[in-house]
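These notes are about the structure you will find just below.
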Amino acid sequence: MRISKKFAFLLVIIAGIAFYLAVFSFNSHTRNGQFSPDSMNYVDVAKNIATGKGIAQSTLGFNQAYLFDGNSKIPAPFTSQAPLYPLLIAQLGRIGFSFKDAALLIPAAAYGAILLLAFLLSRNLYGKRTALLSLAFLLFYYPLTLISRSAWSESVAAVFLLLSFYLLVRSCQFAGIRAIVTSALFSGLSAGLVFSTRYALFPLIFIGILFLARELRDSRLRLAALFSYITGALLPIVLVLVHNLFSAGYLMPPILPSNRSWPENAVDAIAATFGNYYGKEGWEIQAEIAVALIAVSVIVLTVQRRTRELAIVFVRQRHYLLTLWFLVFSVFMVYQRTVQHFDRLETRLLFPAGIVLILLIAALLVKAVDPWVKSSAVFQVILVLAILVASVQQVQITKDEPVMNVSAQLAKSDRFNWVADHTTNSDLIVGDDTIDITFFYGRTASVSFSDYPFTVHLTYENLKGFTDNNCNSYQHIYIVLRNYHSWPLDRQLYLFGQFITDVRESRLDAYPGIVLVIHLRDSDVFEVACKAEI
C-alpha cells in the first residue's frame, strides 16, 4: 500500500512531537520539574481527596488571607484556589501513581493537548500555514514550557481555554441547530472547567456569550446556542461555588487589598507579555524576537500598502475572538491586581493571554510573507526543524542537567533536619509557609502564615485561641520560624507584625507559654505551652 506524502508528513510530525513530549516529561520528573508552595498544597489537597477527607488542605492558614481562629479545624476547606487540578491529581493517585509524579504528569500531558488544540484553532481561523507556524513557535514559547514542567494548574486551564475557543468557532460553522447547540454546550462546559481550574479566567464566559450573540444571526439559533452555552458553563461553576459556600461560608475567597497602583501593574503586565520570558533554557531573547516579528510584519504590510491585512488578522471575520480575549484578560488582570493583593503580574499569570498572542503573531507573519511564500511546504520544513531542535534541546537537558536529589537538598537545611529528627505526626508545626513541611514529610497537620499583605499579621491572641482549643490533639506544638535577623526591623514589622517579630528576636516576656527551644542557622524553634500548662 502506497502512503501519501500528506499522511507521511503527519506521521513524522506526530512521532516527532510524541518523542519531544516524552523526553520533556522525563526531564520534568527527574531534572527540571518545579514545585512551588502552591504546587505542594495541590498535592496535599489531592491526598486528602483520595483518602476521603474532602477538598481540604492540611496546612491551616496557607493562602488564607484572614488566617484562622480558635474554631478552625484541620484539614481546612480548600477554597483559595479552584479545585479541578488537585481533583485530577487525586484520580491518578487512586490508580497507583504517586501524587507528586501525577502533579507533574498532568501538565506534561496538557502540553500535548495545548499543542494539538492550538494547531486546530489556528488552522480553523487562519489556515494551514499559520497553524504550522503557530505549532513551531509554541515549541519554543518559554512561558508554555515553564508551566508544563511545573506542578501548576495553568496548563490544565489552557487546555480548556483553547478547547472552548475551538468549539465556539465550530458552533458558528455548523448548519444544523442540533450541531450548533451541542457545540455551544461543550464550549460552555469547557469555559466552566476553565473557571474550575483558575478563578481568574472567568471573563472567558462573557467572551463566549458575546461571540455567539454576534456571530449567530438567526434569533432562534442565537437563543438556543446561548442557553446551551450558559447552561454548560454554569454546571461546573455552580458546583465550585456551592462547595465554597457550604465548606467555608463564602462564594469566593477573600483577598486583602492591593499594595500596587494600576500604572505599576500595567507596566508589569506589558513586561510579562513582551519582555519577561527569561529562563534557563537559553531562549533569553525570544520576547524581543516576538516584538521584532510584530514590528517587521507591520512595516512590511504598510510599505506594501496592505494594511487591511492587519484588520483581517486581528478583528475581521471571527479572528477578533483571540484579540478580544488577549485584551480583556490582560486588562482584567491589571484591574484585579490593582484592587486585590496576589503575586506580581508575570509570565505565569499572563500566560492565558500570551499563548493567544503567539497565534496572532504567527498569523501576522504569514500575512506579511504571503506575496512570496504561497506554499505550505516552507512552513512544514520550519515545523520539522523546530521539532528537531526542540527535541535535541530536551535530550541535551537530560545529558547535562543533574538528576534532582531532594534528600540532599533537604539535608542542607537545619530547619528541615530539626523537624525530621525531633518531631512526629503527633506534633503540630506552626510557622511561615509550613506547606513544605507537610509536602516533604507527609505531615497531616500544620499551621501557616505568610508575609503581609498575603495574609493578615498573626497575633498572639489569634495563635493561643487556636492552640488552646487543640491542646489535646497534639503532643507538642512548635513554632518554627525562618531566620530573617539580617532584615531591617521595620521591614520585619511590616511583613510579619509585632508578635512574630518579637518571637523571632526572642523577646518573649509579653507572651507567656512560648519558650525558646533552639537557635538554628536558618531558623529558630519555640514551643507553645497549652493553656493548662501555663
Side-chain angles (χ1 to χ4, degrees), residues 5-6 8-18 20-21 111-145 148 158 161-162 165-166 169 273-274 277 281 283 285-301 304 306 309-323 325-326 351 353-393:
K5 291 182 179 180
K6 182 178 180 180
F9 173 74
L10 182 61
L11 288 179
V12 169
I13 296 303
I14 292 175
I17 292 180
Y20 165 75
L21 290 174
Y111 189 4
I114 289 169
L115 293 176
L116 174 62
L117 289 167
F119 177 85
L120 293 175
L121 176 62
S122 188
R123 185 181 66 176
N124 191 293
L125 288 174
Y126 295 104
K128 183 179 178 180
R129 293 180 300 167
T130 298
L132 293 168
L133 190 59
S134 296
L135 194 52
F137 283 172
L138 288 175
L139 290 171
F140 299 104
Y141 182 44
Y142 176 71
L144 177 56
T145 60
S148 298
L161 172 72
L162 294 174
F165 282 151
Y166 178 69
V169 174
T273 305
F274 295 105
Y277 296 179
E281 273 76 0
W283 303 101
I285 63 170
Q286 64 170 257
E288 288 78 359
I289 291 175
V291 174
L293 288 176
I294 296 174
V296 169
S297 298
V298 171
I299 291 171
V300 168
L301 292 172
Q304 294 183 343
R306 296 168 57 221
E309 302 285 357
L310 294 174
I312 293 176
V313 169
F314 292 109
V315 296
R316 290 189 181 174
Q317 301 172 20
R318 298 185 176 105
H319 304 163
Y320 68 88
L321 175 64
L322 302 186
T323 306
W325 168 251
F326 173 80
F351 169 77
I355 192 171
V356 165
L357 180 63
I358 296 299
L359 306 187
L360 292 171
I361 292 174
L364 185 62
L365 187 61
V366 169
K367 285 292 183 183
V369 302
D370 190 59
W372 307 285
V373 185
K374 296 287 187 181
S375 172
S376 297
V378 172
F379 299 98
Q380 290 176 342
V381 172
I382 291 174
L383 178 56
V384 170
L385 290 175
I387 294 172
L388 179 62
V389 172
S391 298
V392 169
Q393 180 191 17

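Only a predicted model underlies this, so the values are computations on that prediction, with no experimental measurement involved.
- With contacts defined as side-chain heavy-atom distances shorter than 4.5 Å, the pair Y126/V366 does not qualify.
- Considering all non-hydrogen atoms of both residues, A353 and F326 come closest at O-CD1, 3.3 Å.
- Nearest approach of I355 to Y141, heavy atoms of both residues: N-OH, 3.8 Å.
- A search for side-chain hydrogen bond (donor to acceptor under 3.5 Å, both in side chains) contacts involving R316 returns nothing, not counting sequence neighbours.
- A search for side-chain hydrogen bond (donor to acceptor under 3.5 Å, both in side chains) contacts involving N124 returns Q173, not counting sequence neighbours.
- In this structure, the side chains of L364 and L310 come closer than 4.5 Å at one or more pairs of heavy atoms.
- Here the options are L388, V389, I387, the test is side chain to side chain contact (heavy atoms under 4.5 Å, CB included), and the partner is S391; only I387 passes.
- Among pairs with a residue in residues 112-124, none fulfils salt bridge (charged side-chain N to carboxylate O under 4.0 Å, His left out), at least two apart in sequence or across chains.
- The two residues A390 and F140 make their nearest non-hydrogen contact at N-CZ, 3.7 Å.
- Exactly one residue among L10, V12, I17 makes a side chain to side chain contact (heavy atoms under 4.5 Å, CB included) with I14. That residue is L10.
- Across all non-hydrogen atoms, the minimal contact from V169 to R318 is CG1-CD, 4.4 Å.
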Validation: residues 113-121 side-chain donor-acceptor distances under 3.5 Å, sequence neighbours left out:
none

key: Intermediate values then yes/no, side chain to side chain contact (heavy atoms under 4.5 Å, CB included), Y142 and T145   = CA-CA 5 Å; Y142 176 71; T145 60; 3.8 Å; yes
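- For I382, the side-chain contact (heavy atoms from CB on, under 4.5 Å) criterion is met by L133, A136, V378, F379, not counting sequence neighbours.
- Counting only residues at least two apart or on different chains, the salt bridge (charged side-chain N to carboxylate O under 4.0 Å, His left out) pairs with a member in residues 126-143 are R129-D370.
- Identified under the side chain to side chain donor-acceptor pair (under 3.5 Å) test for residues 112-122, with sequence neighbours left out: S122-S134.
- For the pair L132/Q380, a side-chain contact is recorded, criterion being any heavy-atom separation below 4.5 Å from C-beta on.
- Residues I358 and F137 come closest through the heavy atom pair CG2-CB, 3.7 Å.
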message = Go through it in stages, so that I can follow the logic: the residues are Q317 and I312, the test is side chain to side chain contact (heavy atoms under 4.5 Å, CB included), and I'd like the CA-CA distance, side-chain angles, deciding distance and then a yes or no.
response = CA-CA 7 Å; Q317 301 172 20; I312 293 176; 4.3 Å; yes
task = I would like to know whether L125 and L359 meet side chain to side chain contact (heavy atoms under 4.5 Å, CB included); could you show each step before the answer?
result = CA-CA 10 Å; L125 288 174; L359 306 187; over 6 Å; no
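- Applying the side-chain contact (heavy atoms from CB on, under 4.5 Å) rule to S148 yields the partners F24, Y111, L144; only residues at least two apart in sequence or on another chain are considered.
- With sequence neighbours excluded, the residues satisfying side-chain contact (heavy atoms from CB on, under 4.5 Å) with V384 are F9, I13.
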